[in-house]
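What you see is a predicted model, and the numbers here were worked out from it, not measured in a lab. These values consider heavy atoms only, across backbone and side chains, with no hydrogens, waters or symmetry-generated copies.
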Amino acid sequence: MSALAPALLINPSTRILSDAERTERMTSPGFGRIFTDHMAVIPYRDGAWQQGEVKAYGPLSLDPSASVLHYGQAIFEGFKAFAQPDGGVKTFRPDANGRRFNRSAKRLAMPELPVDLFLEAADALITLDRAWVPASTDESLYMRPLMIATDPYLGVRPAREYLFVLFGSPAGAYFPQGVKPVTVWISEDYVRAAPGGTGEAKCAGNYAASLMAQAQAETKGCDQVVWLDAVQHQYVEEMGGMNIFFVYQEAGKTTLVTPELTGTLLPGITRSSVLDLARDLGFETQERKVTVQQWRDDLAAGRMTEAFACGTAAVITPIGKIKANGFEMPINQEVNGPVALALREALLAVQHGSAPDTHGWMHTVC
């Protein structure tokens, strides 16, 4: 891992939006449509991270031969900042995002960014753009860190120059309809990741490769696509860019089941948090493989009572119906399930500071 770069320079923008302009933009922000006044940038060259700065949000300048445009060395993360009851701001598990960022970097032969520097950049940016953190419990400031290869060279090899960028976006509901069950399409024509590939890395190419399947799902009247394994095409892996959970009610016990991490799934930070919260609420948890046929059989038998997806952007979103070639099945009468809603409420309560942070997940920013 590279040595720490010099402390970040703070260069406030001279084009700060007025309170009225900012308030107007933050009204019903949706997801990923508006951005704060500043961004953090840190270049990498000569084998080390260089002086970074927090400066006005704006376009990046890239050479047409920049490696990222040709060979796709690009990774990113996503985490959130939340307003707290005492007027402060905290981020949810940013250190975990920093560590996963480095695992993605390693898989794509990119330099690791020290987690302390990752946190420093986030804290500096959020502090400067504090006024952009929404106060509503349904909203947050979504943080997007990324790294791209900027080396102006057309040879096929790991780049020698990179740029780390971090910016913020006030966010409301990821799905426009809010917390309502979504309909999902089980993809049989496409796969997200194969063994030995980049499935557990959060790299840009994974998402580009998913767009055709997502478009297909939409033509089938579905909100999201469900991915199956690349080898046998029968094991459920992920839902779109989110992890998936199944809720079982048997012998008076509630059990949450989620596909085990095999190297082709993204190890979601919300996923691991949900597993911990489920145990806090007295539910049992299992990480194991689930086939499409098991999903159908367990729904039909009444053993499985709910299914939901989870992720940083979507939080926890119930699944109301599954569709595939030849069948479709409703889940929980296509209404929000009590277990999914209880977990969502518990997660948001910790994030917004209305419940104790017993796991030490919240990082104080300002």
Subject >> Spatial distance of atom NE2 (His38) from atom CG (Asp129) [nearest 0.5 Å] >> reply: 5.5 Å
Subject >> Short side-chain to backbone donor-acceptor contact, Gln73 and Tyr71, under 3.5 Å >> reply: no
**OP:** Could you go through the side chain to side chain contact (heavy atoms under 4.5 Å, CB included) check for Val236 and Val292 one step at a time?
**Re:** CA-CA 6 Å; Val236 177; Val292 173; 4.2 Å; yes
Subject >> Exam field: side chain Thr219 to backbone Gln216, donor-acceptor pair closer than 3.5 Å >> reply: yes
**OP:** Check step by step if ring pair (Phe, Tyr, Trp, His ring centres under 6.0 Å) holds for Tyr207 and Phe76.
**Re:** CA-CA 11 Å; Tyr207 295 79; Phe76 69 96; 5.0 Å; yes
Subject >> Glu77/Arg144 ion pair, N-O < 4.0 Å >> reply: no
**OP:** Please name the pair of heavy atoms, one in Gly320 and one in Glu334, separated by the smallest distance, quoted to 0.1 Å.
**Re:** O-CG, 3.1 Å
**OP:** Would you please name every residue forming a salt bridge (charged side-chain N to carboxylate O under 4.0 Å, His left out) with Arg296, sequence neighbours left out?
**Re:** none
Original post:
Are the side chains of Gln249 and Val339 in touch, meaning some heavy atoms are under 4.5 Å apart?
Top reply: yes
Original post:
Closest heavy-atom contact between Pro267 and Glu200?
Top reply: CD-O, 3.6 Å
Original post:
Does the Glu53 side chain pair with the main chain of Asn11, one donor and one acceptor, at a distance under 3.5 Å?
Top reply: no
**OP:** Given side chain to side chain contact (heavy atoms under 4.5 Å, CB included), test Leu166 with Met39 step by step and report yes or no.
**Re:** CA-CA 6 Å; Leu166 172 68; Met39 64 182 182; over 6 Å; no
Original post:
Taking only residues two or more places apart in sequence or in another chain, which ones pass side chain to side chain donor-acceptor pair (under 3.5 Å) with Gln234?
Top reply: Gln232
Original post:
Within the side chain of Asn206, is there an N or O that forms a donor-acceptor pair under 3.5 Å with the backbone of Thr198?
Top reply: yes
Subject >> Path from Val350 to Val89 over hydrophobic side-chain contacts below 4.5 Å >> reply: no
**OP:** Flag yes if more than 12 heavy atoms outside Arg15 fall under 6.0 Å of its CZ atom; otherwise flag no.
**Re:** no
Original post:
Yes or no on side chain to side chain contact (heavy atoms under 4.5 Å, CB included) for Glu260 and Leu265, after CA distance, side-chain angles and deciding distance?
Top reply: CA-CA 8 Å; Glu260 65 185 29; Leu265 284 74; over 6 Å; no
Original post:
Could you give the distance from CD (Glu284) to CG (Leu281), rounded to the nearest 0.5 Å?
Top reply: 13.5 Å
Original post:
Does any non-hydrogen side-chain atom of Ile126 lie less than 4.5 Å from one of Arg130?
Top reply: no
Original post:
With sequence neighbours left out, what residues match Trp361 under ring-ring contact (aromatic ring centres under 6.0 Å, His included)?
Top reply: Phe92, His359
**OP:** Pick out which of Glu287, Met304, Arg288 makes a side-chain contact (heavy atoms from CB on, under 4.5 Å) with Val257.
**Re:** Arg288
Subject >> NZ/NE/NH1/NH2 to OD/OE distance under 4.0 Å, Arg192 and Glu238 >> reply: yes
Original post:
If we only count heavy atoms from C-beta on, is the Thr91 to Lys80 side-chain gap below 4.5 Å?
Top reply: no
Subject >> Neighbour count above 12 (heavy atom, 6.0 Å) for Met329 CE >> reply: yes
Original post:
Can you tell me if Glu21 uses its side chain to pair, donor with acceptor, with the backbone of Ser18 under 3.5 Å?
Top reply: yes
Subject >> Any side-chain heavy-atom pair of Pro43 and Tyr162 under 4.5 Å >> reply: no
Original post:
In terms of the angle between their ring planes, are Trp49 and Phe164 parallel, tilted or perpendicular, with boundaries placed at 30° and 60°?
Top reply: perpendicular
Original post:
Rounded to the nearest 0.5 Å, what separation is found between the NZ atom of Lys220 and the CD1 atom of Ile186?
Top reply: 13.0 Å
**OP:** Please assess Trp132 against Ser169 for the test side chain to side chain contact (heavy atoms under 4.5 Å, CB included), listing each intermediate value before the final yes or no.
**Re:** CA-CA 8 Å; Trp132 287 91; Ser169 175; over 6 Å; no
Original post:
When hydrophobic residues are tied together by side-chain contacts of less than 4.5 Å, even through go-betweens, does Ile319 share a cluster with Val226?
Top reply: yes
Original post:
Does any pair with a residue in residues 296-323 pass ring-ring contact (aromatic ring centres under 6.0 Å, His included), and if so which ones, sequence neighbours excluded?
Top reply: Phe245-Phe308
Original post:
Between Met147 and Ala105, what is the shortest heavy-atom contact and its length?
Top reply: CE-CB, 4.2 Å
Original post:
Within the distance-only criterion (no hydrogens, no angle test), does the side chain of Thr264 pair as donor or acceptor with the backbone N or O of Gly199 below 3.5 angstrom?
Top reply: no
Original post:
Among Ile148, Asp151, Val156, which one satisfies side-chain contact (heavy atoms from CB on, under 4.5 Å) with Ser67?
Top reply: Asp151
Subject >> Heavy-atom check, side chain of Trp295 versus side chain of Ile331, under 4.5 Å >> reply: yes
Subject >> Chi angles and distances behind the ring pair (Phe, Tyr, Trp, His ring centres under 6.0 Å) call for Phe82, His352 >> reply: CA-CA 6 Å; Phe82 299 89; His352 286 278; 4.9 Å; yes
**OP:** With sequence neighbours left out, write down each residue that passes side chain to side chain donor-acceptor pair (under 3.5 Å) with Glu218, or none if nothing qualifies.
**Re:** Gln214
Original post:
Roughly how far apart are Asp37 CG and Leu128 CG, rounded to 0.5 Å?
Top reply: 8.0 Å
**OP:** Give a yes or no answer on whether the side chain of Asn336 reaches the backbone of Val179 with a donor-acceptor pair at less than 3.5 Å.
**Re:** yes
**OP:** Please tell me if the side chains of Phe79 and Ile269 come closer than 4.5 Å, counting only heavy atoms from C-beta onward.
**Re:** no
**OP:** State yes or no: do Leu108 and Leu163 share one hydrophobic cluster built from I, L, V, M, F, W and Y residues joined by side-chain heavy-atom distances below 4.5 Å, directly or via other members?
**Re:** no
**OP:** Looking only at non-hydrogen atoms, find the nearest pair between Ala40 and Leu125 and report the distance.
**Re:** N-CD2, 4.3 Å
**OP:** Report, as yes or no, whether the 6.0 Å neighbourhood of atom CZ on Arg22 holds more than 12 heavy atoms from other residues, nucleotides or ligands.
**Re:** yes
Subject >> Pairwise side-chain contact, Pro259 with Val290, heavy-atom cut-off 4.5 Å (strictly under) >> reply: no
Original post:
Any idea which heavy atoms bring Pro330 and Leu299 closest together, and the distance?
Top reply: O-CD1, 4.4 Å
**OP:** Mind listing the closest non-hydrogen atom pair of Asp123 and Thr364 along with its distance?
**Re:** OD2-O, 4.5 Å
Original post:
Do the side chain of Gln294 and the main chain of Thr291 share a donor and acceptor less than 3.5 angstrom apart?
Top reply: yes
Subject >> Gln351 CD to Gln84 CD distance, which is reported to the nearest 0.5 Å >> reply: 9.5 Å
Original post:
Can you find a pair of side-chain heavy atoms, one from Thr270 and one from Val315, that are under 4.5 Å apart?
Top reply: no
**OP:** Is it possible for you to say whether Val365 and Leu141 belong to one hydrophobic cluster, with membership spreading through side-chain heavy-atom contacts below 4.5 Å?
**Re:** yes
**OP:** Measure the spacing between CG of Leu343 and CG of Leu277 and express it to the nearest 0.5 Å.
**Re:** 6.5 Å
Original post:
Among all residues two or more places apart in sequence or in another chain, which pass the side-chain contact (heavy atoms from CB on, under 4.5 Å) test with Thr23?
Top reply: none
**OP:** Determine, using the 4.5 Å side-chain heavy-atom cutoff (strictly less than), whether Val68 and Val41 are members of one ILVMFWY cluster.
**Re:** yes
